[in-house]
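Here the structure is laid out as structure tokens; the discussion comes afterwards.
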Amino acid sequence: MIADVVFDIPLARSFSYALPDGMSVGVGQRVSAPLHGRARVGMVVAVREGEAVGLRAVERPVEAAPILSQAALDIGRWAAEESLSSLGSTLLSLVPPLPPARASEPIAPAPSLHAGPPILPELWTGVQRHAELVNALRETRAALVIAPDRDGAARWAERLEAARLDSGESPSARRAAWLAAARGRARIVVGARSALLVPLPPPATLVLLDEHDPAHKPPGAPRIHSRELLVRRAAIEGSRLLLLSATPSAESWWRADDHQYRRRAHGTDPWPEIATGDTRGILRNHPLTLPLTRAIEDTARAGGKTALIVTRRAATLLCLECGHVFRCPDCGVALPYSRKEGLLRCPLCARAEPLPERCPGCGGHRLGPLGWDAERIEASVRRRFPKLTVSRTDPRSQVLIAPPGILRALPPASLGAVGIVALDSVLGAADFRGGERAFALLWAAAEATGPRGRVIAQTLHPQHYAIEAAQAQSRPAFYRQEIKLRAELGYPPFRRLCAVSVRGKSEGEARALVAECAHAVEGVPGLIVYPPALRAPGAVLARWQFVIKGPAELPRLLAGPLGPFLERRRRRAGMVEVEMDPI
DNA sequence: AGCACGCCGACT
DNA sequence: GTCGGCGTGCTC
């Protein structure tokens with residue numbers, strides 16, 4: 001017998017080994033086998049009859065039974081193709097930690113392939129969505145809940161009294177939870193991305209929490225959005241899939257419009273007032289506008305807490321007189337600017353312009369970034385409110401300065417006020433998701449304050465459609481506008497993007513290699529290949545990048561031309577990285 | 001002649 | 001990704 005094994009290496013192909021007499025391994029089982037003269041752990045993807053002439057032998061199985069089903073392997077193969085990654089690196093990032101050597105674990109029954117009739121995924125919004133989820137999971141026989149991060153997994157494991165599969169748990173506990181789920185002994189398991197393929201007895205319910213969260217597609221393997229993998233898994237297994245989000249991604253909202261998902265709104269949230277604070281000419285000297293200052297005072301007087309939400313440093317160029325944002329005329333994205341480089345450079349196309357002296361809108365010449373980080377804000381707030389307790393870490397303080405994630409971690413309606421210090425740093429982010437992120441942040445702030453609280457968004461764009469839709473508590477108003485813009489500019493869900501970046505020891509080397517990559521895809525019909533641009537100028541490692549826009553079958557179109565560059569990264573003193581559907 | 005380094009192919 | 005072969009070129 002011959003076993004075909006894939007390893008965590010950037011090679012598409014599998015390696016064939018002889019199975020010694022008496023050794024029985026199955027598809028979806030990890031084995032140790034010699035590669036390059038050394039024993040390495042890989043995953044069996046096929047077992048077949050055949051003369052094992054000239055093949056080396058599998059050394060040993062590293063676990064007693066398969067941990068992935070044939071269906072899971074098929075999903076892994078699909079995910080690898082979708083993301084232009086190797087099957088081995090994809091699969092081996094979607095399995096539990098290795099057992100300690102010579103451990104004798106109870107043998108889990110080999111998970112089997114189950115197929116039921118396909119059910120439409122459900123997109124759950126509304127303030128009661130979490131309570132409804134707890135209800136729905138009471139009935140279910142087997143459920144997998146995927147959180148965007150470890151903190152979320154920890155909160156939900158506690159709330160659902162479920163076992164954890166994510167890296168916040170010890171390796172042995174993760175393995176135990178995996179095996180228990182496979183044997184139908186753990187009714188509900190909670191994890192992050194590494195748990196996406198855990199076997200479950202049918203009929204299973206799959207849940208994705210905070211569907212819109214970019215943490216569902218972090219850098220690194222598996223290079224696929226958790227949502228896309230679960231949609232695929234649910235379709236193959238016939239599982240019910242619940243996508244939860246107060247503010248879904250525009251992609252998912254559009255799919256619901258398109259009847260690919262079923263939309264369910266669980267409750268209408270009682271809504272707070274969402275006010276704006278005009279930062280024109282203010283943020284240079286103070287981080288807080290008058291409305292936000294008043295909200296802190298009033299809230300403290302009433303015995304409540306205020307959270308000041310700090311997003312990352314603003315890195316786009318704004319006119320401080322009229323609020324004009326410098327955007328690329330071709331791509332529509334706000335332009336990040338580097339004082340050091342002295343240029344406005346579009347991250348998508350290569351368009352670069354010198355820093356303008358004046359605002360083309362109002363002729364004003366007070367241009368600059370808005371950069372208030374958490375430390376500066378804390379110091380400034382302490383000066384302004386010496387009698388209040390102010391902290392970046394202690395949730396009991398009267399003024400809490402924290403990143404947006406804090407809104408999820410606090411109980412709903414637990415805050416008297418939420419101030420978003422610089423909504424423009426979200427709106428003007430150098431990608432096409434600025435509107436979506438701003439809307440999500442405003443909505444999360446409104447949910448965290450509850451109907452009697454106040455949300456103050458500091459911005460130069462009080463009339464932005466994301467703000468007006470949040471004020472009106474209208475998801476349809478936001479998505480109508482957002483989806484229209486995506487269609488006009490050719491962004492997801494209407495077109496797909498792929499980012500190719502090359503890091504090299506010198507700028508010249510990286511440039512030459514990135515040009516080769518771009519040249520390789522230029523002949524493919526139906527694609528827009530943007531010219532390569534230098535990212536992170538002046539960094540130790542030069543990084544050139546270009547973006548490809550294309551149709552739904554983009555990964556299939558790119559596999560041929562880009563394949564050779566992916567298999568031979570370190571050659572030519574450059575590392576080629578390909579990111580499908582970058583977030 | 002002897003050795004260090006880096007490029008490049010190969011890995012079952 | 002990682003290893004080792006082997007060519008180049010430097011040093012003793």
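In the text below, chain A, chain B and the rest are named by the order of the sequence lines, each starting its count at 1. The model shown is predicted, which means the values in this text are computed figures rather than measured ones.
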Nucleotide B:dA10, atom P - distance to CZ of A:F15 in whole Å: 12 Å
Just how far, in rounded Å, is P of B:dT12 from CG of A:L87? 19 Å
Would the A:F546 and A:Y530 ring centres measure less than 6.0 Å apart? no
When the distance from CZ of A:F7 to P of B:dA10 is rounded to whole Å, what number comes out? 18 Å
Could you tell me the separation between the CG atom of A:L11 and the C1' atom of C:dG1, rounded to a whole number of Å? 8 Å
Does any part of the side chain of A:L243, heavy atoms only, come nearer than 4.5 Å to the side chain of A:E122, both counted from C-beta? no
Note, A:S226 side chain near A:L196 side chain (heavy atom, < 4.5 Å): yes
Under 4.0 Å, heavy atoms only, any strand: does A:I2 hit a base, just the sugar-phosphate, or nothing? nothing
Could you check how far CD1 of A:I9 sits from P of B:dG9, rounded to whole Å? 17 Å
Atom-pair distance (CG on A:D8; P on B:dC11), nearest Å: 19 Å
What is the distance, to the nearest angstrom, from the NE2 atom on A:H36 to the P atom on C:dT2? 12 Å
Between A:L513 (CG) and B:dC7 (P), how many Å, whole number? 14 Å
What verdict does the side-chain hydrogen bond (donor to acceptor under 3.5 Å, both in side chains) test give for A:S249 and A:H212, after you've listed the backbone C-alpha separation in whole Å, the side-chain angles of each residue and the deciding distance to 0.1 Å? CA-CA 5 Å; A:S249 63; A:H212 64 285; over 6 Å; no
Please verify the inter-ring angle class for A:F15 with A:F7; under 30° counts as parallel, over 60° as perpendicular, anything in between as tilted. perpendicular
Is it the case that A:R48 and A:S16 place a side-chain donor and acceptor less than 3.5 Å from each other? yes
Please list, in numerical order, the residues of residues 37-59 of chain A that have a heavy atom closer than 4.0 Å to any atom of DNA chain B. A:G37, A:R56
